[in-house]
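A short worksheet on the structure shown next.
Protein chains get the first letters and strands the later ones, always in sequence-line order, with residue 1 at the start of each. What you see below is based on every heavy atom in this structure, not just the backbone, and it leaves out hydrogens, waters and symmetry mates.
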Amino acid sequence: MIKFNGVNKWFGKLHVLKDIDLHVTSGEVVVVCGPSGSGKSTLIRCINRLEKFQKGELFVDGTPLHDYSTNLTKLRAEIGFVFQQFHLYPHMTALQNVALAPINVRKMKRADAEALAHEKLDRVGLADKADAHPTQLSGGQQQRVAIARGLAMSPKIMLFDEPTSALDPEMIGEVLDVMVKLASEGMTMCVVTHEMGFARQVAHRVIFMDEGSLVETGNPHDFFANPQTDRAAQFISKILTH
Amino acid sequence: MLEGFNFRVIWEYMPFFMEGLRNTFLISIVSLFLALIAGITACAGRLSPWKSVRGLAIVYIESIRSTPLLVQIYFLYFGLPTLGLRVPELQTGIIALMLNSGAYIAEIVRAGMTSVPNGQIEAGISSGLNYFQRMRFIILPQALGVTVPPLLGQAIVLVKDSALLSLISVLELTRVGQTLTSERFMPSEAFFTVAFFYLCIYFVLKTLADWSQKKLIFREAY
Amino acid sequence: MMLFYFQRLIEIFPFFLKGLWMTAVVSGISLIMATIFGLLLGIARASKNKLLVGLIGAYVAAIRGTPFVVQIFIIFFILPEWGIQLDAFPAAILALTILGTAFICEIVAGGIKAVPRGQWEAASSSGLNLYQQLRYVIVPQSLQTILPPLVGQYVLLIKDSSVVSVIGVMDLTRVGWVTVNRIPEGLMVFTLVGILYFAISYPLIRLSNRLEKKMATQQVML
């Protein structure tokens, strides 16, 4: 589904991704963790090419992303992306936020798109907030609307970039619940997060990154119980004591 | 200093002043409307992903902003005929005002657009919206809100700028003043009356601009 | 034919340079005076004296609310009625100074008001007198806010100076106007005039933008 072959990226002189090799299969849930600045956000932003990279190959659902001439609009429509800061459109209601892309990218009829949007909002438990504007919603609710917005395009892959880091602690649960449900339904997911509970519960694989390199990868049980590298062990002890 | 101020002649010329005032209104409104179209187009060009379009927009915007309006008016007034185009003074003037204000409006709208957070644009990209759809549904609706107060400011400038059309004999408010001066040689009566009318327009627009600014600040706080 | 006119234009190019010099002199003198008066009035406008604030406010509104060409006519045609005879050159400088002062005073007042109250209190607690408070504490801090729009205002003033051509000052615009009556190639003549204005305005616009960059405008991706 997603295949990185020796991907390298630089921001100016800063080498932010170093020889990344990674293969995510269909239906797999991968959690990416690591200290801040380790390149984990950059990694998943490459998957729908919000970031370009300079060297290496990346195939997503068969589409070569390293070939800059490919038109990505179609591919992007099939990848849902959830941001740390939600980035809902403040001038639209929750429903309009969700229905915008189906109407304009999928060319659905407005009524159909709105029915779809209602369904997706229902799925994230916000059926009653369809007509609310983002400013009227709590952070957790906004993030759930953002997930519904991603789901509305019936994506093959969902990417999450620290979806709970900007939330107050009491709101993290509601967002994670939605994500757990999504994982159990067989969605292919890449999640950048420090929520180790979530990783233990649903991840098939945990990837640990540091300084732009993919340092360690393994199933969550082994990774947490028995990290192979010092850097991973240090990182785990830090977040677990929190 | 008001001794000898001849109100009778002002009264006598009042229909003429009214005609000038009406024309100033019409010229300003038409030019403002056209300038909005020109400005939004130029701004879209300025932010376009294609280099040549961007270059063209930059040349337009910067050359307008770096030269006086009067020179632009003369450029069209004396220049169009050399191209074999016979355009009446009024239309020439409106084109000049449109092109001039268009460049400033382009910058105003651009400032509004850059005020839309990057993340929302990324969200649009991620859901597969193309450039025009992102413009149409995400950026423009928000940018327009922020740009209302400075656009009203530009409207004030435009009304005042339209006075320069009097120099290519377009009959508007200032031209009425010039006519009264040359017919009766009463410059005080002529130009203080003209100034008074401009001030009225100014206060209306200024009040609107301040009000919209307040509304906007309120919305942001909310 | 065009080539012939082009050669003629080259021949009289020194005439254009004289016009450019006149534009530089008129706007240079005016903007120096306007900066001095604008600074003084701006400080007064940011004060607590209600009468002073009101008077300056009325002056600013009168200038901002009326077209510059009307102001020039008032100064040039009406002052003589009150027994003040002015040649075109001093009249132009007077008009531009009055105009520039009004705008600069608003910029300065805005900058001073943007300095937090605590700075005044701290400065007066350390026993500085009013002049010292302004000179060492308030004005240096407000310079950051004042400088970019001030340079922008200089550009506006230079461009507005083109309007003084209507009372006969032989500035760049007037040179273009005179020339076009002898060399009927409007596009060519006013392109040249435009380029010369561009040559002085554009560097200042760039400077103003550079100064403004401090406000860290984010790069947008559309």
Side-chain angles (χ1 to χ4, degrees), chain B residues 1 4 44 47-49 62-63 65-72 74-83 110-111 113-114 116-118 121-122 125 131 134-135 139 156 159-164 166-167 173-174 177-178 181 185 187-188 190-192 194-196 198-203 206, chain C residues 2 5 23 61-62 64-82 155-156 158-166 172-173 176-177 179-181 184-191 193-206 217-222:
Chain B
M1 81 193 204
L47 298 173
S48 139
E62 296 301 341
S63 56
R65 296 206 315 158
S66 316
T67 53
L69 172 61
L70 185 55
V71 171
Q72 293 156 17
Y74 285 157
F75 177 80
L76 292 175
Y77 181 69
F78 294 111
L80 290 180
T82 45
L83 290 177
R110 185 162 76 105
M113 289 186 177
T114 45
V116 176
N118 227 334
I121 295 152
E122 289 185 345
I125 294 174
Y131 175 73
R134 296 199 294 273
M135 273 286 177
I139 300 164
I156 293 176
V159 170
K160 293 192 290 171
D161 280 349
S162 73
L164 287 182
S166 64
L167 302 177
L173 196 48
T174 305
Q178 291 168 12
T181 303
F185 207 75
S188 301
F191 288 117
F192 280 124
V194 167
F196 170 77
Y198 278 114
L199 275 177
C200 292
I201 303 178
Y202 169 74
F203 280 118
K206 182 90 168 71
Chain C
M2 257 192 51
Y5 285 133
T23 290
R64 299 186 77 150
T66 52
F68 182 53
V69 65
V70 172
Q71 294 164 20
I72 287 227
F73 283 144
I74 288 179
I75 286 171
F76 195 62
F77 287 120
I78 298 176
L79 284 187
E81 286 203 335
W82 300 340
V155 179
L156 289 182
I158 292 169
K159 290 191 288 176
D160 281 333
S161 79
S162 66
V163 177
V164 303
S165 63
V166 304
L172 192 46
T173 305
W177 193 84
T179 307
V180 85
N181 287 316
E185 279 290 337
L187 288 183
M188 219 193 267
V189 172
F190 281 100
T191 300
V193 172
I195 289 173
L196 292 175
Y197 272 111
F198 187 89
I200 31 180
S201 311
Y202 192 64
L204 284 175
I205 291 182
R206 291 301 294 265
T217 39
Q218 50 170 338
Q219 191 68 37
V220 271
M221 165 164 102
L222 292 176

Rounding to 0.5 Å, atoms OG1 (B:Thr67) and CG (C:Leu196) come to a distance of 11.5 Å
With respect to chain C, which residue among B:Pro81, B:Gly79, B:Ser166 yields the maximal number of heavy-atom pairs within a distance under 4.5 Å? B:Gly79
Please report the shortest heavy-atom distance between C:Glu185 and B:Thr82, naming the atom on each side. CA-CG2, 3.7 Å
In terms of heavy-atom proximity below 4.5 Å to chain B, should C:Ala61 be classed as side chain, backbone, both, or neither? both
Ranking B:Thr174, B:Thr181, B:Ile201, B:Leu173 by heavy-atom pairs under 4.5 Å to chain C gives rank one to B:Thr174
Side chain / backbone / both / neither for C:Val166 at chain B, heavy atoms under 4.5 Å: side chain
Report the option among C:Phe198, C:Phe190, C:Tyr197 that has the most heavy-atom pairs separated by less than 4.5 Å from atoms of chain B. C:Phe190
Checking C:Lys159 side chain against B:Leu70 main chain: does a donor-acceptor pair fall under 3.5 Å? no
Heavy-atom distances under 4.5 Å only: say whether C:Ser165 touches chain B with side chain, backbone, both or neither. side chain
Given heavy-atom pairs under 4.5 angstrom as the criterion, report whether the side chain, backbone, both or neither of B:Phe203 touches chain C. side chain
Side chain, backbone, both or neither: which part of B:Gln178 has a heavy atom under 4.5 Å from chain C? side chain
If you compare all heavy atoms of B:Pro187 against all heavy atoms of C:Ile78, which two are closest, and at what distance to 0.1 Å? O-CD1, 3.5 Å
If I measure from the heavy atoms of chain C, does B:Val194 come under 4.5 Å with its side chain, its backbone, both, or neither? side chain
Would you please name every residue forming a ring-ring contact (aromatic ring centres under 6.0 Å, His included) with C:Phe77, sequence neighbours left out? C:Phe73
Just to verify, what does B:Tyr198 make a ring-ring contact (aromatic ring centres under 6.0 Å, His included) with, not counting sequence neighbours? none
First locate atom CG of B:Leu164, then atom CG of B:Leu69, and finally report the distance between them rounded to the nearest 0.5 Å. 5.0 Å
Side chain, backbone, both or neither: which part of B:Leu83 has a non-hydrogen atom closer than 4.5 Å to chain C? side chain
So for B:Leu167, is it side chain, backbone, both, or neither that comes closer than 4.5 Å to the heavy atoms of chain C? side chain
Is the CZ atom of B:Phe196 crowded by more than 12 outside heavy atoms at less than 6.0 Å? no
Most heavy-atom pairs under 4.5 angstrom with chain B, which of C:Ser201, C:Ala62, C:Ser162, C:Pro67? C:Pro67
